[in-house]
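What you are looking at is a predicted structure, and each value in this text was computed from that prediction instead of being measured. Position 1 is the first residue of the sequence, and the numbers go up from there. We count ligands from 1, going down the list as the structure has it; atoms in each ligand are counted the same way.
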Amino acid sequence: MNKTSMILDVDTGVDDAFAVLFAAMHPAIRLLGVTCVDGNTNVDQVVANTLKVLDAAGAGDIPVARGAVRPLLGESKYAEYVHGADGMGDLGIAPSQRRIDKRSAVELLRDLIEESVDPVTLVPLAPLTNVALFLRAFPETAKKLHRIVLMGGSASAGNATAAAEFNVWHDPEAAAIVFQSGVPITMYGLDVFMRPGVTREEANRLVQSAQTSAQFGGALINAFIERLGVSPITLGDYGAVATAIHPELFTTEMFDVVVDTSSGPARGQTICDRRDSFLKELEPLDLEDSAKVRVVMDLDVEAVRQLWLKTIDKGWS
Ligand code: BDR
Ligand code: CA
């Protein structure tokens, strides 16, 4: 089986946990490491949560590094109202015995990409602070990346604000650096993010499974359903990981994209130029600051849902 060598950058985060669980368990992914960043909650809590997810996945010795403690500019804006006081559903799981890697996130990214025999797919599921710092610190190493498949942005509405998606809104300057880096980017944003979901009934079946990973996934979904009061609940960030290994399940379109770094109401918006070409030619988007980005606009919801369920619960049918 051809494996995709992958690094995740996360702010775990309930839906980051769905993604880490999947990436650590899917046989077509070689998970080289996980870097952590301030986002849904503070970076130390993100590290602690991520280590617990790797335990639940039964993962081997995958390096996990601590990254940025705040955005490039401005203050942190946490999302504990969505993810719980501990950032991961407040399940009361004991701390992991795994050790954090001694290297910083940017150093771990550099080493893993330099050491990898195959080109690496970087999958950020969080504010892009670590990735921007890495691109600035080690641009020659960044050129060796195969591509970036990120959860962030929107070609339609926002969630953190009317215009902006949370990960980009949390650190728009970092997002602008990443989008303009020249590394091929696929954006898995809010146009599809909410669509693959798991119901309360499915979560209860997972909790009854003999497998720890499935029990953990089911408990997380139930906690999320309780907190938000809706079922089904989205698998969120996981969709970006699925896009990286199963592109045939997703429909994408190429757009010119600019990240709004102004201080106005559109701060953090990913402005996607979806106009007809003759209108674009009449009045082009700011070509200096725009990037050509592959944006996910549709997906096979049932196939994407089943892929997650069958990966974290081997007995799922
Ligand atoms: C993104 O924001 C976070 O709360 C989620 O983990 C996801 O990465 C969605 O806007
Ligand atoms: Ca996230």
Side-chain angles (χ1 to χ4, degrees), residues 6-24 34-43 45-50 52-53 64 67-68 71 76-90 105 122-131 148-172 174-175 178 185-198 217 220-221 223-224 227-228 230 233-244 259-260 267-270 272 295-296 299 308:
M6 186 181 290
I7 303 172
L8 299 180
D9 184 74
V10 297
D11 60 341
T12 320
V14 174
D15 59 319
D16 302 74
F18 299 150
V20 174
L21 199 59
F22 176 83
V34 185
T35 51
C36 297
V37 69
D38 169 87
N40 286 322
T41 186
N42 72 78
V43 71
Q45 189 66 58
V46 170
V47 170
N49 292 344
T50 304
K52 289 180 191 177
V53 183
V64 174
S76 304
K77 301 171 282 258
Y78 297 140
E80 284 151 357
Y81 51 93
V82 176
H83 295 267
D86 75 348
M88 199 174 67
D90 296 328
L122 176 59
V123 184
L125 306 172
L128 289 156
T129 322
N130 282 348
V131 183
I148 292 175
V149 182
L150 61 88
M151 190 286 134
S154 172
S156 41
N159 58 359
T161 70
E165 181 280 328
F166 178 84
N167 290 340
V168 177
W169 170 77
H170 197 264
D171 195 341
V178 173
I185 292 177
T186 298
M187 178 176 122
Y188 183 88
L190 295 180
D191 314 287
V192 284
F193 178 82
M194 297 299 288
R195 290 182 56 199
V198 175
L220 264 183
I221 290 162
F224 218 16
R227 174 170 296 280
L228 302 182
V230 285
I233 204 80
T234 179
L235 289 169
D237 286 343
Y238 148 72
V241 182
T243 309
V259 179
D260 189 313
R267 180 168 169 77
Q269 182 179 13
T270 46
C272 297
V295 180
V296 180
L299 75 165
W308 187 79

Once you restrict both partners to nitrogen or oxygen, which atoms of ligand 1 have a protein partner under 3.5 Å, and how far apart are they?
residue, atom, partner, partner atom, Å
ligand 1, 4 (O), N40, OD1, 2.6
ligand 1, 4 (O), H83, NE2, 3.0
ligand 1, 6 (O), D15, OD1, 2.7
ligand 1, 6 (O), D15, OD2, 3.3
ligand 1, 6 (O), D16, OD1, 3.0
ligand 1, 6 (O), N40, ND2, 3.1
ligand 1, 6 (O), D237, OD2, 3.2
ligand 1, 8 (O), L125, O, 3.1
ligand 1, 8 (O), N167, ND2, 3.0
ligand 1, 8 (O), D237, OD1, 2.6
ligand 1, 8 (O), D237, OD2, 3.0
ligand 1, 10 (O), N159, ND2, 2.9
ligand 1, 10 (O), E165, OE2, 2.4

side-chain contact (heavy atoms from CB on, under 4.5 Å) between T234 and D15, intermediate numbers included: CA-CA 8 Å; T234 179; D15 59 319; 5.9 Å; no
Evaluation steps, side-chain contact (heavy atoms from CB on, under 4.5 Å), between D38 and Y78: CA-CA 8 Å; D38 169 87; Y78 297 140; 2.6 Å; yes
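Protein N/O/S atoms found under 3.0 Å from the Ca ion (ligand 2): D11 OD1, D16 OD1, D16 OD2, L125 O, D237 OD2.
With H170 contributing its side chain and K77 its backbone, the two residues share a donor-acceptor pair below 3.5 Å. Formation of a donor-acceptor pair under 3.5 Å by the H83 side chain with backbone atoms of G13 is not found in this model. Side-chain atoms of W169 never come within 3.5 Å of backbone atoms of T161 as a donor-acceptor pair (strictly under, hydrogens ignored). For D191 (side chain) and S156 (main-chain N/O), a donor-acceptor pair under 3.5 Å exists by modelled atom type.
The aromatic rings of F22 and Y238 sit perpendicular, their planes meeting at an angle over 60°, well past the 30° parallel limit.
With values rounded to the nearest 0.5 angstrom, D11 atom CG is found 5.5 Å from N167 atom CG.
Of all non-hydrogen atoms in F193 and M151, the two that sit nearest each other are CD1-CE, 3.5 Å.
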